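Presented below is the structure to which this report refers.
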Amino acid sequence: MVLPSLLSLVACSNADSVSDDSADTKKFGSMEFVVFADKDKMVTLGSDDEKAKTSEKPSMDVVLDYRFYIGKNEVTCEDFRSVLKDYDAYANLPDCESDSLPVVNVSYFDAVLFANEMSKRLGYDTAYTYAVASFGEDGCSGLSDLKFDPTVDAFRLPTEAEWVYAAGIGWNTENAWTSRNAGNTLHAVCSLPESAAGLCDMAGNAMEWVNDWLGNFKDTLVANYVGATDGGPLGERVLKGGSYRQEPSTVGLVTRGDVYTTTSASRTNYVGFRLAFGNIPAATWFEGTEKPPVGGGFSSLVMANTVRSLTRTFKTKFAFRNDVTGNLAYIDYSVAGYLVHEIADTMQVYHPDISPDGMRVAFCTGLEGVSGKSALYVRDLDDSGTGLVKLDVESAAIPRWRVLENGDTVIVYVNDAGNNKDETAFRAKSTWQVKFSGGMFGEPQKLFDGAYHGGISDDGRLAVTGARLLRARIAKAGANTYTDARDTVWYNGEQACNASLSKDGSKRTAFLDFASATGREFVGESYAVHERLLVMDSTGALVASIAAPSGYSFDHTEWAIGRTSSTPNLLVATLVNTNGAHEKVALVDLSSGKVTEILKGEEIWHPCVWVKSTSVIDEDAGLSPDSAGVYYVAQGSAAAASIRVAMENLWKFRDSADLVILGSSRPQAGLDPGQIKNAFAVNLSNVPNSLFVSDYLFENYVLLHMKKVKYLVISLDIDMWFKTYDNDYDNFFYKEYRNYPGYVYDENHDYWSDGYPEGLLEMTENAPEPYNKQYMPTRGYHVVECEDWAEPTTDYDVNWCSLNPALLNANMLRLVEIIRSAREKNVTVIGIVFPQNPEYRSTEAYGRYGLTHAEAQNIVDALAAYQEEYPNFILMDEHKMGNHDYGPDMAFNMDHLCKKGASQLTARLDSLLGTLE
């Protein structure tokens with residue numbers, strides 16, 4: 001069924017476009033919706049089954065006491081194209097074989113834009129708001145500051161509770177698959193039987209986005225549930241229903257996602273969406289999988305690329321005080337999602353300062369301008385704030401990290417941070433420093449009288465402070481501030497605060513004033529309190545001024561910490577609105593005068609920005625910092641995150657590895673490079689994987705740049721050899737890779753076939769890190785704890801091989817191409833068939849993804865024959881048609897080994913290598 005264009009109804013009023021309230025269905029434009037009328041509707045989410053996923057437990061009852069509407073069909077390609085045709089990014093999208101097919105390969109962000117555009121076209125307000133939309137080759141890749149307002153009558157994605165309620169009326173997965181096996185592909189919407197509620201394709205065709213973040217359920221009764229407040233550290237979203245790729249037994253109303261992690265930016269060829277309409281009164285949210293900031297949500301106003309354009313690195317961290325809770329919070333812009341992480345604690349956190357290596361943060365319990373006792377702490381900059389240590393002194397405030405000429409890392413602090421206007425009181429206070437090493441404080445050392453908490457220059461010849469007056473301590477000739485110096489007052493004795501001494505050796509001081517005469521004369525016009533950020537040179541002369549954005553003033557100004565060669569003119573400050581709320585944080589670039597707003601919240605205090613101190617690869621050297629090594633971006637797909645780990649390890653070990661492991665999650669969890677003694681190994685396996693992905697990495701990277709490689713170990717996942725080349729889900733390097741600049745950059749430079757470009761590893765390390773970065777130190781090995789062989793279920797059609805033998809042939813040919821390419825470089829290929837649950841012997845399927853036993857045996861026999869034809873190929877069949885010796889204590893699930901099983905398999909591989917030597 002092809003729906004007519006929606007454009008013809010743009011001019012209709014709400015009354016004209018909505019049918020009578022008494023009907024069971026309604027039309028909005030040309031799209032038909034099923035009505036679920038006003039009454040208490042009870043639905044159960046989740047399960048109490050002990051084997052259910054953690055994210056699907058426990059069961060939770062939800063009451064929906066409002067009227068809502070859900071689209072009868074999944075949104076079609078025709079719908080999508082008609083509604084979003086005015087967006088340049090969608091001019092050539094979607095790429096569909098038929099207009100009547102459900103639109104797939106769309107992100108959550110794409111669905112949100114579609115819903116908003118529908119609302120606008122039919123005269124409604126929009127349910128979603130956002131600050132900035134980012135687009136890639138395949139559509140929308142990000143919506144910063146995205147918010148959902150459930151109180152608005154508008155088009156939106158259905159909540160998980162609404163979707164489950166509607167789908168549960170007459171739910172029957174077997175009916176949804178009655179004609180699915182013809183081609184294992186998408187079909188026209190509503191070409192399969194409708195549910196009892198009149199909805200189509202809820203259990204099959206395409207999986208569907210719903211509105212909710214992926215959060216945990218509670219064993220309770222909830223009214224009008226709309227999901228979690230966030231998606232946890234990964235920013236995960238909920239998917240519902242099944243797709244044409246799955247067996248009915250693997251799909252249920254409880255299922256909340258895909259096999260792989262799903263974020264808002266994920267897109268696959270079997271995930272689409274349908275719309276809902278209507279407001280949700282008195283909506284209930286639960287806290288996400290991690291405790292969100294207690295004082296209200298924080299919204300990122302920029303993408304990580306914007307921060308990188310100012311700091312010249314993705315390795316940027318930002319810490320601050322959440323003044324609503326008093327807790328320390330931070331963002332790591334090199335990690336996926338760059339979410340705000342708040343470290344809940346009982347103490348108050350003021351003036352955080354990130355260590356030179358970016359790994360720790362110092363803070364105090366006292367506030368600038370307020371006299372009194374203050375404690376000084378250091379803790380690790382991680383989600384839990386581990387490694388907390390306290391400096392054992394009577395009082396210590398406003399810590400600032402500093403690296404001495406002898407290489408020691410110290411923290412400079414004052415014993416009282418009160419008002420410095422009174423000379424006598426100021427001189428009664430003092431400035432100290434203490435060495436910090438190995439997670440411990442050394443012995444505190446008094447530097448001089450006077451509380452100079454604005455910083456000490458690298459050469460020790462200048463110290464500043466500002467808490468009513470801008471004071472400076474200047475060393476005399478041949479001395480430093482600790483031995484012989486004079487104290488003075490700058491800025492003509494006019495009021496100033498928030499003094500911060502630069503970290504680049506220029507000894508410039510940034511500060512704020514109170515619209516003083518000296519400042520007005522320098523600027524050349526009047527301004528209000530804190531409306532100007534002012535900068536003095538080392539002599540106390542004004543040299544620069546930046547105006548705050550309209551409607552805001554500055555507070556809490558600080559120079560950026562870290563790589564001074566690229567950030568000599570970068571500062572951070574809070575932006576205070578006309579009501580006095582510290583509403584935003586901004587990066588201030590003195591070179592351009594640009595003020596870039598990066599974060600919004602209720603009350604954000606004392607921001608601190610750290611930039612990794614590494615050498616900068618200049619563009620003149622041949623590498624673009626915007627592209628080189630950028631193999632991942634925030635909210636990238638699971639596939640991109642997995643291969644990003646492989647790419648960093650590839651460049652890191654290009655000159656040392658003589659054995660490379662390629663393949664799926666099975667070798668990721670099943671082979672430990674660190675246990676191989678007869679070769680130096682690196683595991684470049686990735687998820688989701690296919691032979692086409694492995695071939696791409698082998699041909700374009702391994703053979704070109706890993707000059708010592710003698711062995712290629714590759715997983716022979718024969719039950720997954722239905723995967724195709726021309727499919728992003730099966731082959732990351734078909735089209736999806738073009739969303740990540742590093743791969744395109746490599747491709748445009750012929751994969752550096754003329755020689756590895758110096759600095760590419762450093763650029764890769766300096767690029768955004770994936771959420772699974774913990775696998776880098778293990779050379780790509782995923783340490784998996786042992787559980788048991790899970791029940792031998794089948795996630796794909798057992799008969800896929802007989803239905804389409806061309807799929808198998810394409811994979812077999814690709815393996816042969818890998819073997820032949822390896823032979824030309826004198827590389828031995830060791831193909832491993834990984835063990836799966838031996839109980840598959842008693843089922844129809846050879847393994848998790850199908851194949852009959854007879855078909856599997858034929859394939860294994862053919863692989864064994866390759867050893868005669870290709871002397872550089874060795875087959876290790878560790879599954880042996882289920883007759884293997886990998887016991888239950890060696891398994892994680894139905895088709896993956898745990899660390900004990902990995903040790904056994906790795907040892908066998910190592911033994912084989914010993915015979916080859």
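Worth saying up front: this structure is predicted, and the values here are computed from it rather than measured.
- Asn92 CG: 12 or fewer foreign heavy atoms inside a 6.0 Å radius.
- No donor-acceptor distance shorter than 3.5 angstrom exists from the side chain of Ser299 to the backbone of Lys600, with no hydrogens or angles considered.
- Salt bridge present: Asp110 and Arg267 bring a charged side-chain N and a carboxylate O closer than 4.0 Å.
- Atom NZ in Lys317 sits 10.5 Å away from atom NE2 in His341 (nearest 0.5 Å).
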Just do the side chain to side chain donor-acceptor pair (under 3.5 Å) check on Ser55 and Arg256 with the steps written out, would you? CA-CA 8 Å; Ser55 62; Arg256 308 185 74 201; 4.9 Å; no
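- Applying the salt bridge (Lys or Arg N to Asp or Glu O under 4.0 Å) test to Glu208 and every residue at least two apart in sequence or in another chain returns Arg274.
- Below 30°, between 30° and 60°, or above 60°: for Tyr740 and Tyr632 the angle between ring planes is below 30°, a parallel geometry.
- The environment of CG in Asp153 is crowded: more than 12 heavy-atom neighbours from other residues, nucleotides or ligands sit within 6.0 Å.
- Residues Asn649 and Leu684 are in side-chain contact: their nearest non-hydrogen atoms beyond the backbone lie under 4.5 Å apart.
- Between Phe318 and Phe320, the ring centre distance stays below 6.0 Å.
- Under the 3.5 Å distance criterion, the side-chain polar atoms of Lys315 are left unmatched by any main-chain donor or acceptor of Trp610.
- Nearest heavy atoms, Tyr128 versus Leu146: CB-CD1, 4.2 Å.
- A donor-acceptor pair is defined here as one N or O able to donate and one able to accept, closer than 3.5 Å; no such pair exists between the side chain of Ser144 and the backbone of Met303.
- The aromatic ring centroids of Tyr696 and Phe733 lie less than 6.0 Å from each other.
- With salt bridges taken as basic N to acidic carboxylate O contacts below 4.0 Å, none links Glu137 and Lys735.
- Side-chain polar atoms of Thr311 and Thr313 form no donor-acceptor pair below 3.5 angstrom.
- Remark: the Glu699 side chain and the Tyr751 side chain contain no N/O donor-acceptor pair separated by less than 3.5 Å.
- Residue Glu736 comes nearest to Ala639 through the heavy atom pair OE1-CB, 4.4 Å, listed as atom of the first residue, atom of the second, then distance.
- A heavy-atom distance below 4.5 Å is not found between the side chains of Tyr124 and Met118.
- Sorted by first and then second residue, the disulfide bond (SG atoms under 2.5 Å apart) pairs with a member in residues 68-129 read Cys77-Cys96; sequence neighbours excluded.
- Shown here are the salt bridge (Lys or Arg N to Asp or Glu O under 4.0 Å) partners of Lys147, two or more places apart in sequence or in another chain: Asp145.
- Residues His187 and Asn205 are in side-chain contact: their nearest non-hydrogen atoms beyond the backbone lie under 4.5 Å apart.
- For the pairing with Met31, the side chain to side chain contact (heavy atoms under 4.5 Å, CB included) check across Thr76, Val83, Asn73, Val75 returns one residue only, Val75.
- By the 4.0 Å N-to-carboxylate-O rule, Glu162 lies close enough to Arg156 to be salt-bridged with it.
- Ser642 places no side-chain N or O within donor-acceptor distance of the main-chain N or O of Ala638, the cut-off being under 3.5 Å.
- Under the salt bridge (Lys or Arg N to Asp or Glu O under 4.0 Å) criterion, Asp746 pairs with no residue at all, not counting sequence neighbours.
- Under the 6.0 Å cut-off for aromatic ring centres, Tyr701 and Trp752 do not qualify, their centroids lying 6.0 Å or more apart.
- Between the side chain of Thr255 and the backbone N or O of Val251, no donor-acceptor pair lies under 3.5 Å.
- Pro158 places none of its side-chain heavy atoms less than 4.5 Å from the side chain of Asn211.
- For the pair Asp201 (side chain) and Val189 (backbone), a donor-acceptor distance under 3.5 Å is absent.
- Residues satisfying the disulfide bond (SG atoms under 2.5 Å apart) test with Cys140, not counting sequence neighbours, are none.
- Here the side chain of Asp212 pairs a donor or acceptor atom with the backbone of Glu160 at under 3.5 angstrom.
- Every residue meeting the salt bridge (Lys or Arg N to Asp or Glu O under 4.0 Å) condition with Glu597, not counting sequence neighbours, appears here in chain and number order: Lys584.
- Side-chain contact between Pro150 and Asn279 is absent, with no heavy-atom pair separated by less than 4.5 Å.
- With sequence neighbours left out, the ring-ring contact (aromatic ring centres under 6.0 Å, His included) criterion links Tyr108 to Trp209.
- Judged as a side-chain hydrogen bond (donor to acceptor under 3.5 Å, both in side chains), and not counting sequence neighbours, Asp88 has no contacts.
- Taking Tyr87 as the reference, Tyr90 meet the ring-ring contact (aromatic ring centres under 6.0 Å, His included) condition, with sequence neighbours excluded.
- Rounding to the nearest 0.5 Å gives a distance of 8.5 Å between OG1 of Thr263 and CH2 of Trp213.
- With Ser119 contributing its side chain and Phe155 its backbone, the two residues share a donor-acceptor pair below 3.5 Å.
- With sequence neighbours excluded, no residue forms a side-chain hydrogen bond (donor to acceptor under 3.5 Å, both in side chains) with Asp125.
- Take Phe273 and apply the ring-ring contact (aromatic ring centres under 6.0 Å, His included) test, not counting sequence neighbours, and it matches Phe114.
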Let me see the working for Glu236 and Thr262 under side chain to side chain donor-acceptor pair (under 3.5 Å), right down to the final yes or no. CA-CA 5 Å; Glu236 293 181 82; Thr262 301; over 6 Å; no
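- Considering only residues two or more places apart in sequence or on other chains, Thr268 meets the side-chain contact (heavy atoms from CB on, under 4.5 Å) condition with Tyr270, Val271, Tyr729.
- Side-chain atoms of Phe732 and Tyr737, non-hydrogen and from C-beta on, do get closer than 4.5 Å to each other.
- Aromatic rings of Tyr69 and Phe28 (six-membered ring for Trp) have centroids within the 6.0 Å cut-off, being under it.
- The aromatic ring centroids of Phe277 and Phe68 lie 6.0 Å or more from each other.
- When side chains are defined from C-beta on, Ile331 counts as touching Leu599, because their heavy atoms get closer than 4.5 Å.
- Separation of atoms CZ (Phe298) and CD1 (Ile604) is listed at 5.5 Å; rounding is to 0.5 Å.
- For the atom pair CG of Asn116 and OG1 of Thr129, the computed distance is 8.5 Å after rounding to the nearest 0.5 Å.
- For the 3.5 Å distance criterion, the side chains of Asn689 and Ser694 qualify, holding a donor opposite an acceptor.
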Just do the salt bridge (Lys or Arg N to Asp or Glu O under 4.0 Å) check on Arg738 and Asp728 with the steps written out, would you? CA-CA 11 Å; Arg738 303 192 69 81; Asp728 272 338; over 6 Å; no
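- Side-chain contact between Lys723 and Leu691: absent, with no pair of heavy atoms (C-beta onward) separated by less than 4.5 Å.
- Interatomic distance, Leu93 CG to Asn105 CG, rounded to the nearest 0.5 Å: 9.5 Å.
- Taken from CD in Glu648 to CD1 in Ile643, the straight-line distance is 14.5 Å, to the nearest 0.5 Å.
- A distance-only check finds a donor-acceptor pair linking the side chain of Ser309 to the backbone of Thr306 [under 3.5 Å].
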